[in-house]
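In what follows, every heavy atom counts, from backbone to side chain, and hydrogens, waters and symmetry copies are set aside.
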Amino acid sequence: MRMSVLGSGTNMHPARAAAGYVVETDQLLVFDFGPRTLVNLRKLRVDRHRLQHFFFSHYHADHFSDFITFFFDAVFHATFAGTRPSLTIYGPKGTRRLFTTILKEFPSFSPAPFPVTIKELTDQTIRIGETRVTAATVVHSERLHCQGYRIEHDGLVFAYSGDSEYCDGLIRLCRGADVAVLDCSFPEQRPGKGHMTARDCGRVARDAAVKRLVLSHFYPIAERYDVVRQAAKEFSGRVTMARDRMRITCG
């Protein structure tokens, strides 16, 4: 299992793309797809025309807006250049309404020249090939249903918090993960509602017995502090600060 970071920042971060990750198992899975992540996908030489499975944690724009550009390109490619496989969109409550509207209202998006399926996936596990994907509710926004994901393949586990505060649902999701990518929006000196500080991330990793912690989703303020050291106050395992286009092999 391998994870590639498409974006480790937030919406208008001056040096990082917003949230996005590709996980490679026997499948190729995308988790969130925020601004500027499509450019990094191409720089990583991932064939965008092979992508079939997109999982979204929630619908703040910094977690999904590049999907619109991606989909326009996919329609153009399938219409004028070559075929592409079917595409499935997974996400929390509200996914069907949002993407049905996008596909209906954006010019040339509907009917797409390839099958498109929209699935609301909440607090449940599905299997795609030999890969298990679990969606679990986390605490982020009172106005949105937000969730993280757990990916299991060949005895290895990758966990992704999406945007989240420290909460029981996130601990369960990350339990025993080989790699956990967590929302490290802020340093402990400048906490913010709906997100975690670096020290919160360390607490999650410790309480969930994670093997390796990857801090990500940085607001610029986080990078003025040693967030790795702050997380290490709570977690004695390996701590890494994510960077765009970083690749990590689980196990």
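- In this view, Ala232 satisfies the side-chain contact (heavy atoms from CB on, under 4.5 Å) rule with no residue, not counting sequence neighbours.
- Annotation: side-chain hydrogen bond (donor to acceptor under 3.5 Å, both in side chains) contacts of Asp123 (sequence neighbours excluded): Thr137.
- Separation of atoms CG (Leu156) and CD1 (Ile151) is listed at 12.0 Å; rounding is to 0.5 Å.
- In this structure Lys211 satisfies the salt bridge (charged side-chain N to carboxylate O under 4.0 Å, His left out) test together with Asp178, sequence neighbours excluded.
- A search for ring pair (Phe, Tyr, Trp, His ring centres under 6.0 Å) contacts involving Phe99 returns Phe56, Tyr59, Phe67, not counting sequence neighbours.
- Aromatic ring pairs are classed by plane angle as parallel below 30°, tilted from 30° to 60° and perpendicular above 60°; the pair His217 and Tyr219 is perpendicular.
- In this structure Lys233 satisfies the salt bridge (charged side-chain N to carboxylate O under 4.0 Å, His left out) test together with Glu188, sequence neighbours excluded.
- Partners of Phe158 according to the ring pair (Phe, Tyr, Trp, His ring centres under 6.0 Å) rule, which considers only residues two or more places apart in sequence or in another chain, do not exist here.
- For Thr125, the side-chain hydrogen bond (donor to acceptor under 3.5 Å, both in side chains) partners at least two apart in sequence or on another chain are Thr134.
- For the side chain to side chain donor-acceptor pair (under 3.5 Å) condition, the pairs that include at least one residue of residues 1-22, sequence neighbours left out, are Arg2-Glu24, Ser4-Arg247, Ser8-Arg16, Ser8-Asp244, His13-Glu223, Arg16-Glu223, Tyr21-Ser216.
- Screening residues 117-147 for ring pair (Phe, Tyr, Trp, His ring centres under 6.0 Å) gives His58-His140, His60-His140, His140-His195 as the qualifying pairs, with residues at least two apart or on separate chains.
- With rounding to the nearest 0.5 Å, the separation of OG1 in Thr69 from CG in Leu38 is 6.5 Å.
- Hydrophobic cluster membership for Met196: Val138, Tyr166, Leu170, Ile171, Leu173, Leu182, Val204, Leu213, Leu215, Phe218, Val227, Val228, Phe235, Val239, Met241 (Ile, Leu, Val, Met, Phe, Trp, Tyr linked by side-chain heavy atoms under 4.5 Å, directly or transitively).
- Here the side chain of Arg206 pairs no donor or acceptor atom with the backbone of Gly237 at under 3.5 angstrom.
- Here Thr88 pairs with His53, Tyr90, Thr117, Lys119 under the side-chain contact (heavy atoms from CB on, under 4.5 Å) rule; sequence neighbours left out.
- The ring pair (Phe, Tyr, Trp, His ring centres under 6.0 Å) search around Phe72 returns none, not counting sequence neighbours.
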